[in-house]
Amino acid sequence: MPPPRRPRRRTGEPPATERNRTPWRALRHPGMRWWSAANLVSNTGTWMQLTAQNLLVLHLTGSAAATGLSLSAQAAPGLLLGLLGGAAVDAWPRRLTASAAQALLALVGFLTAALVLTGHLTVPVLMVLAAVTGLIATVDAPACALLGNDLVPVRDVPSSIALGSVVSGAGRVGGTALAAVVVSWWGPGAAYIANGVSFLAVAAVIPFLRPHPEAGQERPAPAARPRADAAPSRRGTGTRDGLRFFLGRPRLVALAAITALSSVFGRNYGLTLAVLVTGPLGGAAGAFGTVSTVLAVGGVAGAVLAGRLRSPSVRLVGALAAAGAVLQIAAGLSPQLWVLLLLVAPMAVVESVSDTAGTTVLQTDPPPHLRGRVLGVWRTAGTGWGLVGPPLLGLLMQVAGARGALVTGGVLIAGAVAAGTVLHDGRARRARRARRARRARRARRAPVRTTPVFTELPYAVRPAAASPAPVRPATTACTAPGHTELCAAGCAPAMP
């Protein structure tokens, strides 16, 4: 019988293993294509509104501090109510939740536009509307993030997240550029209207999206899960369940520590590099614009590279954070602007890949019924270090200068990652030794089982019957002559 033929691959088509690692493999799924297009429209509108909001606050107050206050008012609900938003995402139907959140955000945008166009918008009202937007976002952000992951199998989640990073970057660039045109031609109210329309576009697409059949089927090994997650029947919707799972999961705690250190001391390049370029390196505002452009290009390149990831780990995130810290130290010591430009591109690539890897771990490590609450915990923590980071870094720059802040931050990040790796490896070695010792103790306590040796036969043996005594022939009187010759035959002499 001839061997079965392998299916032929079309000319120019990459092998299956290579297709499964392409950065854009998430776009093979129709739902992800629609979702990415809707997200591009939404991100463009969001950045249009954010830019118009900053310009509007400056126009109304003439104060940069008021602009920062409006951004803080929008971020405050994420800090205070992130856990509740994640619990709502776990408790409510995901597509319905995302659609309702997008519709409410559109309503806020249209209301703000009406107030702007009629001249009734004041700074307090704008602060309240910004806070309402942040409140809705506490539910909208985790719902949309998990909805996007439901459209692809688990192995394509890194590609989906990397694609989202590219879409977000493109929407930021396009939205900022369009805001300048729209505001200059029609005023800030038109930007709010455009953002409201973009939210309605997403809300109209969501009902037609269908989850992928393999989404969420692959899970970590049960032995690696904490005890609280071992019982699938206990699926409450309380916020404490998500916090308990997060704090009881060492890899998520380590991921949070790495991300917090990197965000506070390593990723505020818009602040540190601006001071470095215009200060010690003697560049002008155009030079910092060039640095910002290189950062943006490197971020997009990093997102494309991160799309090739399959199963990233916290160790990979830590290694990338340490590599970025080393590049940051080198950037702080740059003698010329062209040296800094050579270092900025790999810094942005490493940051983008690290972000994608960390987000993949965060969104795939928890069980499906806890992912919304875990993202809520992360949103609360992320908002906290996002608010604390810039003032702390500014204080560090005031004390040590731009170069000192970059070098000190890089040393702190690299040192913390190295110390954490050493502690983790030491704990893992001690755990392995403890397991071997427990197995050895159990082996010593266990009774020794040997093959039984029977001293008696395992079955009853009947004694052999006694052999009958030889029957001697009856002796008779021998009357034959010469009987004495027959005595050996048992003859008896004749009786007289």
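Note that the structure is predicted; figures quoted are calculated from it, not measured. Numbers here simply count residues along the sequence, with the first being 1.
- When the shell of 6.0 Å around CH2 of W24 is examined, it contains more than 12 heavy atoms from other residues, nucleotides or ligands.
- Of the residues V317, V253, I413, the one that meets the side chain to side chain contact (heavy atoms under 4.5 Å, CB included) test with I258 is V317.
- Between the OG atom of S42 and the CG atom of D140 there is a distance of 7.5 Å, given to the nearest 0.5 Å.
- Not a single donor-acceptor pair under 3.5 Å links the side chain of R251 to the backbone N or O of S313.
- Within a 6.0 Å radius of CZ in R240, no more than 12 heavy atoms belonging to other residues, nucleotides or ligands are found.
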Under the criterion side-chain contact (heavy atoms from CB on, under 4.5 Å), I'd like the reasoning laid out for V173 against W47: C-alpha separation, chi angles, the key distance, then a yes or no.
CA-CA 8 Å; V173 175; W47 281 101; over 6 Å; no
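- Checking side-chain atoms of Q74 against main-chain N and O of A130 turns up no donor-acceptor pair under 3.5 Å.
- Heavy-atom contacts from other residues, nucleotides or ligands closer than 6.0 Å to CZ of R172 number 12 or fewer.
- Here the closest non-hydrogen pair linking A402 and V275 is CB-CG1, 3.7 Å.
- Between L337 and A287, the closest heavy-atom pair is CD2-CB, 3.8 Å.
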Hey, mind stepping through D355 and S352 against side chain to side chain donor-acceptor pair (under 3.5 Å) and telling me if it holds?
CA-CA 5 Å; D355 284 344; S352 182; over 6 Å; no
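- Using a 4.5 Å heavy-atom threshold, the side chains of L163 and N39 count as separate.
- Summarising the geometry, atom CG belonging to L151 is positioned 5.0 Å from atom CE belonging to M32; distances are rounded to the nearest 0.5 Å.
- A donor-acceptor contact shorter than 3.5 Å is absent between the side chain of S160 and the backbone of N149.
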Would H212 and V152 count as a side-chain contact (heavy atoms from CB on, under 4.5 Å) here? Give the steps.
CA-CA 5 Å; H212 193 275; V152 297; 5.5 Å; no
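- Of the N and O atoms on the side chains of N43 and T46, not one donor lies less than 3.5 Å from an acceptor on the other residue.
- Here the side chains of L295 and L273 are in contact, with some heavy-atom distance below 4.5 Å.
- In terms of modelled atom types and a separation under 3.5 Å, the side chain of T44 and the main chain of L40 share a donor-acceptor contact.
- The closest side-chain heavy-atom distance from L309 to L316 is below 4.5 Å.
- V166 and V300 make their closest contact through CG2-O, 4.5 Å (heavy atoms, listed as atom of the first residue, atom of the second, distance).
- To the nearest 0.5 Å, the span separating CD1 on I206 from CH2 on W35 amounts to 4.5 Å.
- Here the CZ atom belonging to R267 is positioned 11.0 Å from the CE atom belonging to M347, to the nearest 0.5 angstrom.
- Going from atom CG of L320 over to atom CD of E351 covers 11.0 Å, rounded to the nearest 0.5 Å.
- Remark: side-chain polar atoms of R210 are paired, donor with acceptor, to backbone N or O of P207 under 3.5 angstrom.
- In terms of heavy atoms, A321 sits closest to S262 at CB-OG, 3.8 Å.
- Considering CG of L375 and OG1 of T138, their distance stands at 12.5 Å, rounded to 0.5 Å.
- R33 is not listed as a side-chain neighbour of S36, based on a closest heavy-atom distance of 4.5 Å or more.
- Within the structure, ring pair (Phe, Tyr, Trp, His ring centres under 6.0 Å) contacts touching residues 378-417 (residues at least two apart or in different chains) are W378-W385.
- P390 is linked by a side-chain contact (heavy atoms from CB on, under 4.5 Å) to N268, counting only residues two or more places apart in sequence or in another chain.
- Two residues are said to be in side-chain contact when any heavy atoms from C-beta on lie closer than 4.5 Å; V264 and L393 fail this criterion.
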Given V377 and R373, is the side-chain contact (heavy atoms from CB on, under 4.5 Å) satisfied, shown in steps?
CA-CA 6 Å; V377 174; R373 280 163 283 182; 5.7 Å; no
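- Between R28 and D156, some side-chain heavy-atom pair lies under the 4.5 Å cut-off.
- Using a distance-only test at 3.5 Å, with no hydrogens or angles considered, no donor-acceptor pair links the side chain of R308 to the main chain of V304.
- In terms of heavy-atom proximity, P367 sits nearest to F245 at CD-CZ, 3.6 Å.
- Between the side chain of S354 and the main chain of V350, no donor-acceptor pair closer than 3.5 Å is present.
- Applying the side chain to side chain donor-acceptor pair (under 3.5 Å) definition to pairs two or more places apart or across chains, none involves residues 395-420.
- Within the 4.5 Å cutoff, the side chain of F246 has no heavy atoms near those of the L370 side chain.
- The side-chain heavy atoms of P142 and Q363, taken from C-beta on, include no pair separated by under 4.5 Å.
- Scanning both residues, H424 and R315, for their nearest heavy atoms gives ND1-NH2, 3.5 Å.
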Would V108 and F199 satisfy side-chain contact (heavy atoms from CB on, under 4.5 Å), going step by step from the backbone distance to the final call?
CA-CA 10 Å; V108 173; F199 285 132; over 6 Å; no
